[in-house]
Amino acid sequence: MGWIEHGGEGKILFLSGPAGSGKTAIAGTIADECHSRGWLAGSFFFSAFSSIPERRSKRALVPTLTYHLLHQATILLLKESILSSIDADKSVFEKNLVQQIRLLILGPVQHLGRAVDKRKWPKVIIVDGLDECDADVGREYDTEGERRKSQEDNHSEVLSALWAAAADPAFPFRIIVASRPERSIQSFFSKPNVKAAAKIMFLDDNYDPTTDIETFLRASLIRIGLDNHLGEDWFSPGVPRLLAQEASGQFIYATTIIRFIGVSNIPPIHQLRCVLEWHRSRPDSPNPFAKLDALYLAILNTSRDAILAAKWLRTIEYLDYPDPWFVRALLESSPSETEFILGGLQSLVGLEDASGGPSFHFYHKSLLDCLGDSNRSAELYVDDEDLKVFLQERYYQILKDRGPQRELRRSKITLGAFFNFYQGNSVGHFDPSRGYTDSDVDWWISLSSYCGSTCDHHHFSEMRESMHAKVGVKWNNPFKLSLLQRLRWLTYGPVSLASLPSILQNLEKKVFRVTANRTAQNATAPV
């Protein structure tokens, strides 16, 4: 706080450390304290698993900081200057981040010059979780390396924009950036000119957060006690210290415990007893994540079906689909299964957004790191093959049920929108061992007329490409063979392997005519 108030080394502070070391907790505490003192000019907290896509996109950073500055009562005349910049160039939000920050923030500040007294202005801008800023959305990536390159480029662009502002003498704010030391971020702060002018703090063994974690735990347990009419002394005095020592310097351990104890539908005393019992039954381990992993696995095992819960969580990560309504409809094999499987795990993953709609929000990436490592997740490990089989089963079951189990009438997606996505993605999840029937194939094809002609070309083209890529010349998938045989009504006659390329190349052209003919013949929508 002294660096923020009085200045000193550099105008950018890079706060770094490993997963769970408390970077976000520290950044959040600093933001709260600065806000109470009138020092917070603006903030942005990236989150890779937020239900709000903008929380993981670089495009929202500068507009958010600009919005915060517009509503600072102590910054006189800046609002008019910013709005004038937007009026002068309405394409500003389409530009790269360096240009945005120069036009929307730095330029207006420079324009005011010495006409205003900046001593009463806020003092700091906070950007947390930069490593969770994702690759560009809306792009197709052929390889994981290509997607990773896009993400690293975005990290560099964010830092370049912040550096462009901080390096200008007219810029009055200090900047705090909190992040894991990812390669692109570490590389930026290793540049000689940046390293010489930035203040770098790494939360390593020289930083012992045990006292801070104990303080957090004690305050949180008192709050839970008051909220549940248990009083302030409902827990033994030594509990916060014991759990803080168990945390091994990881704030995420403490925050996960508090979320678990604070679950509204289970008495806090019962939840705290569970945590203490897990503590007594855990063997010591040199692995720095051992206690955090043990906590995760203990909570997961409170689910009514822990293995299925692990599969769901891995699938949610794998799908990376922004619409939680669709994800829930795809996963559920029976109505309201989400509450049955994940309802007791809300200390690990949020299930509702602010409006009460479905949302799958992971509180910390370390949970997925644990589930993705066989050594860390033990009997709850779900490997890629298990995940593939699970998805094949879900797509197959929806095919057999002729639709999802979840009632969609009250959701934000229509049945047509669900079938639109289902048809386009199910191609890659057909299981050759399944017994597909001709009626299954007819229903799958009929989805095109149900979804509307706007989706036909896209999905049949995607189907053709998927067939070539996944099966090649070995047309041994029963569903695909049956599908091709059922295409006789496309006037091709009996299908042979030699005719497959031309059939697939023209399939999307013919489907418009076929769909129109079927509609004219009063074809019914799938039920």
Side-chain angles (χ1 to χ4, degrees), residues 1 13-35 43-50 55 126-132 176-182 185 200-224 235 238-263 271-272 275-276 278-279 282 285 287-300 345-350 361-371 376:
M1 299 299 289
L13 186 152
F14 176 39
L15 178 64
S16 184
S21 58
K23 301 179 295 297
T24 296
I26 293 173
T29 300
I30 293 174
D32 290 342
E33 182 63 25
C34 286
H35 182 267
S43 64
F44 192 91
F45 283 66
F46 285 102
S47 176
F49 303 106
S50 172
R55 289 279 306 278
I126 299 174
V127 177
D128 176 69
L130 177 56
D131 55 290
E132 298 190 38
I176 296 176
V177 178
S179 172
R180 289 191 192 186
E182 300 293 345
I185 300 171
I200 299 175
M201 294 180 61
F202 190 83
L203 303 179
D204 56 13
D205 293 339
N206 294 322
Y207 166 65
D208 183 7
T210 302
T211 300
D212 294 335
I213 294 175
E214 180 183 356
T215 300
F216 166 78
L217 285 166
R218 189 177 303 280
S220 299
L221 290 172
I222 289 173
R223 174 180 53 78
I224 290 173
F235 55 91
V239 165
R241 183 64 180 176
L242 173 66
L243 296 179
Q245 292 172 337
E246 281 287 293
S248 300
Q250 296 173 318
F251 264 93
I252 184 59
Y253 180 92
T255 56
T256 301
I257 282 178
I258 292 302
R259 281 195 298 267
F260 179 76
I261 295 173
V263 171
Q271 297 292 80
L272 179 57
V275 171
L276 295 176
W278 296 336
H279 159 70
R282 280 195 297 266
S285 170
N287 178 4
F289 296 106
K291 293 176 181 178
L292 178 61
D293 292 345
L295 176 63
Y296 283 152
L297 297 182
I299 294 175
L300 284 168
L345 307 182
Q346 295 188 60
S347 57
L348 305 181
V349 56
H361 170 62
F362 294 102
Y363 290 112
H364 202 270
K365 187 177 182 297
S366 56
L367 170 63
L368 297 175
D369 292 340
C370 172
L371 291 175
R376 295 175 62 181

Going from [atom1] on [X] to [atom2] on [Y], what distance comes out if it is rounded to the nearest 0.5 angstrom?
{"X": "H361", "Y": "L348", "atom1": "NE2", "atom2": "CG", "result": "12.0 Å"}
{"X": "Q245", "Y": "R241", "atom1": "CD", "atom2": "CZ", "result": "5.0 Å"}
{"X": "E246", "Y": "L295", "atom1": "CD", "atom2": "CG", "result": "9.5 Å"}
{"X": "D369", "Y": "L292", "atom1": "CG", "atom2": "CG", "result": "9.5 Å"}
{"X": "D293", "Y": "R376", "atom1": "CG", "atom2": "CZ", "result": "4.0 Å"}

Hey, are the side chains of [X] and [Y] touching, using non-hydrogen atoms and a 4.5 Å cut-off?
{"X": "R180", "Y": "K23", "result": "yes"}
{"X": "I222", "Y": "F235", "result": "yes"}
{"X": "F216", "Y": "T255", "result": "yes"}
{"X": "Q271", "Y": "S347", "result": "no"}
{"X": "V127", "Y": "F46", "result": "yes"}
{"X": "T29", "Y": "D32", "result": "no"}
{"X": "I252", "Y": "Y296", "result": "yes"}
{"X": "L221", "Y": "I258", "result": "yes"}

Main-chain N/O of S179 paired to S16 side chain as donor or acceptor, under 3.5 Å =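 Such a contact is found between S16 side chain and S179 backbone.
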For the pair D128 (side chain) and A27 (backbone), establish whether a donor and an acceptor sit closer than 3.5 Å, ignoring hydrogens and angles.
->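 Between the backbone of A27 and the side chain of D128 there is no qualifying donor-acceptor contact (under 3.5 Å).
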Take F260 and T256, measure what side chain to side chain contact (heavy atoms under 4.5 Å, CB included) needs, and give me the verdict at the end.
-> CA-CA 6 Å; F260 179 76; T256 301; 5.5 Å; no
Distance-minimising heavy-atom pair for [X] and [Y]:
{"X": "F362", "Y": "L367", "answer": "CD2-CD2, 3.9 Å"}
{"X": "F202", "Y": "P181", "answer": "CE1-CG, 3.9 Å"}
{"X": "L243", "Y": "Y253", "answer": "O-CE2, 3.8 Å"}

Side chain to side chain contact (heavy atoms under 4.5 Å, CB included) evaluation trace for V239 with L217 = CA-CA 9 Å; V239 165; L217 285 166; over 6 Å; no
Side chain to side chain contact (heavy atoms under 4.5 Å, CB included) evaluation trace for L371 with L300 | CA-CA 10 Å; L371 291 175; L300 284 168; 3.7 Å; yes
L13 pairs by side chain to side chain contact (heavy atoms under 4.5 Å, CB included) with which of I200, I126, V177, I176?
->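 Running side chain to side chain contact (heavy atoms under 4.5 Å, CB included) over I200, I126, V177, I176 with L13 returns exactly one hit, I176.
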